[in-house]
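First comes the structure, then the notes that go with it.
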Amino acid sequence: MSSSKQPAPSSHLVILEAVKRVPCGRVATYGLIAKVAGLDGQPRLVGYALRHATDEVPWHRVVNAQGRISPRADPACIPLQRTLLESEGVEFGLGERIDLRRYLWKPRLRRTDED
DNA sequence: ATTATGACTGCAG
DNA sequence: TCTGCAGCCATAA
């Protein structure tokens, strides 16, 4: 194998790219994003990456495995995220919960395929 | 170099 | 339904 220098892409980069793949009207869990990003089993890294995320990334489409908005440093973002999702057609149930059975994004695990 | 914390998850009680 | 514990990696001090 060629001993090329592996730039060792920051996990954040692939994570942000994975989040960008989430289609409108759909939501993804941290674990799912981690898996798509090749970091299967490290959902915490997704949270860290999203913290560095910008408007270029649909961070609002990322929720926890409970279908709820995870508590973050800025509580003002909670109603914002909920509003953004509702504007995309995602319904919230009681307890501010989302039905993942219906709105969870199902990525195709294919190489030559994008969303 | 080490320690503590975090936008998480899964399982047990 | 909720709470607590352990595991994983990156960032900050």
Side-chain angles (χ1 to χ4, degrees):
Chain A
M1 332 295 239
S2 41
S3 49
S4 53
K5 347 176 183 167
Q6 287 262 336
S10 263
S11 307
H12 291 185
L13 214 52
V14 290
I15 289 170
L16 296 179
E17 290 298 308
V19 175
K20 291 179 185 175
R21 291 176 57 179
V22 181
C24 178
R26 230 71 194 186
V27 298
T29 65
Y30 293 86
L32 180 60
I33 293 297
K35 182 174 184 175
V36 173
L39 298 167
D40 187 19
Q42 306 330 330
R44 302 207 102 170
L45 304 188
V46 178
Y48 261 131
L50 288 180
R51 194 181 184 206
H52 289 258
T54 57
D55 297 340
E56 309 253 317
V57 182
W59 57 272
H60 58 271
R61 291 181 191 150
V62 183
V63 298
N64 61 24
Q66 299 178 347
R68 302 170 74 183
I69 300 173
S70 286
R72 61 236 147 328
D74 187 347
C77 232
I78 294 177
L80 172 62
Q81 182 169 2
R82 177 174 176 173
T83 300
L84 289 170
L85 289 174
E86 288 182 320
S87 75
E88 293 185 349
V90 178
E91 298 178 38
F92 278 71
L94 292 180
E96 337 231 304
R97 232 188 255 144
I98 302 174
D99 186 351
L100 296 179
R101 299 174 303 175
R102 179 175 173 168
Y103 295 106
L104 183 63
W105 172 47
K106 290 142 188 186
R108 284 192 183 180
L109 301 175
R110 296 206 177 183
R111 311 181 184 176
T112 55
D113 188 17
E114 303 178 28
D115 82 297

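Computed from a predicted model, the values in this text were never measured in an experiment. Chain naming here is simple, since letters A, B, ... match the order of the sequence lines and numbering starts at 1 in each.
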**Start and end of chain A contact along DNA chain B [non-hydrogen atoms, under 4.0 Å]** =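 Range of nucleotides touched by chain A: B:dT5 to B:dG10.
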
**Request:** For A:Gln42 and for A:His52, find the nucleotide of DNA chain C with the closest heavy atom, then tell me which residue's nucleotide is more 5'.
**Result:**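 The residue mapped nearer the 5' terminus is A:Gln42.
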
**Request:** Specify the residue among A:Leu45 and A:Arg68 whose closest nucleotide of DNA chain C lies further upstream toward the 5′ end.
**Result:**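 It is A:Arg68 whose nearest nucleotide is closer to the 5' end.
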
**Asked** Atom CG in A:Leu104, atom CD1 in A:Ile98: separation rounded to 0.5 Å?
**Response**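 Between A:Leu104 CG and A:Ile98 CD1, I get 10.0 Å after rounding to 0.5 Å.
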
**Asked** How many angstroms lie between CG in A:Leu50 and NE2 in A:His60, if you round to the nearest 0.5 Å?
**Response**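 Here the interatomic distance stands at 11.5 Å.
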
**Request:** Sorted by first residue and then second, give each ring-ring contact (aromatic ring centres under 6.0 Å, His included) pair with at least one member in residues 31-54 of chain A; sequence neighbours left out.
**Result:**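 Sorted result for residues 31-54 of chain A: A:His12-A:His52.
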
**Message:** Please list all pairs meeting ring-ring contact (aromatic ring centres under 6.0 Å, His included) that have one or both residues in residues 13-46 of chain A, counting only residues at least two apart or in different chains.
**Reply:**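 Listed once each, the pairs would be none.
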
**Prompt:** What are the 5'-most and 3'-most nucleotides of DNA chain C lying under 4.0 Å from any heavy atom of chain A?
**Reply:**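 Taking any atom under 4.0 Å from a heavy atom of chain A, the span is C:dT1 to C:dT11.
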
**Asked** side-chain hydrogen bond (donor to acceptor under 3.5 Å, both in side chains) with A:Thr29: which residues, sequence neighbours excluded?
**Response**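 Result, side-chain hydrogen bond (donor to acceptor under 3.5 Å, both in side chains) vs A:Thr29: none returned.
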
**Message:** Run the side-chain hydrogen bond (donor to acceptor under 3.5 Å, both in side chains) test against A:Asp40 and tell me which residues pass, sequence neighbours left out.
**Reply:**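 Once residues adjacent in sequence are excluded, A:Asp40 has no partner under the side-chain hydrogen bond (donor to acceptor under 3.5 Å, both in side chains) criterion.
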
**Message:** Can you give me the closest heavy-atom contact between A:Cys77 and A:Trp59, atom names plus distance?
**Reply:**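 So the minimum-distance heavy-atom pair works out to SG-CH2, 3.2 Å.
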
**Request:** Might you point out which heavy atoms bring A:Val62 and A:Gln81 nearest each other, and give the distance in Å?
**Result:**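 Between these two residues, the closest heavy atoms are O-NE2, 2.9 Å.
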
**Partner set under side-chain contact (heavy atoms from CB on, under 4.5 Å) for A:Ala28, not counting sequence neighbours** =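 Partners of A:Ala28 by the side-chain contact (heavy atoms from CB on, under 4.5 Å) criterion, ordered by chain and then number, come out as A:Val22, A:Leu32, A:Ile33, A:Trp105.
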
**Request:** Name every residue in residues 86-99 of chain A that has at least one heavy atom under 4.0 Å from any atom of DNA chain B, in order of residue number, or write none if there are no such residues.
**Result:**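 Contacts with DNA chain B under 4.0 Å: none.
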
**Prompt:** Got a sec, which pairs hit salt bridge (Lys or Arg N to Asp or Glu O under 4.0 Å) with one end in residues 79-93 of chain A, sequence neighbours left out?
**Reply:**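 Every pair satisfying salt bridge (Lys or Arg N to Asp or Glu O under 4.0 Å) with a residue in residues 79-93 of chain A: A:Arg61-A:Glu88, A:Arg82-A:Glu86, A:Arg82-A:Glu96.
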
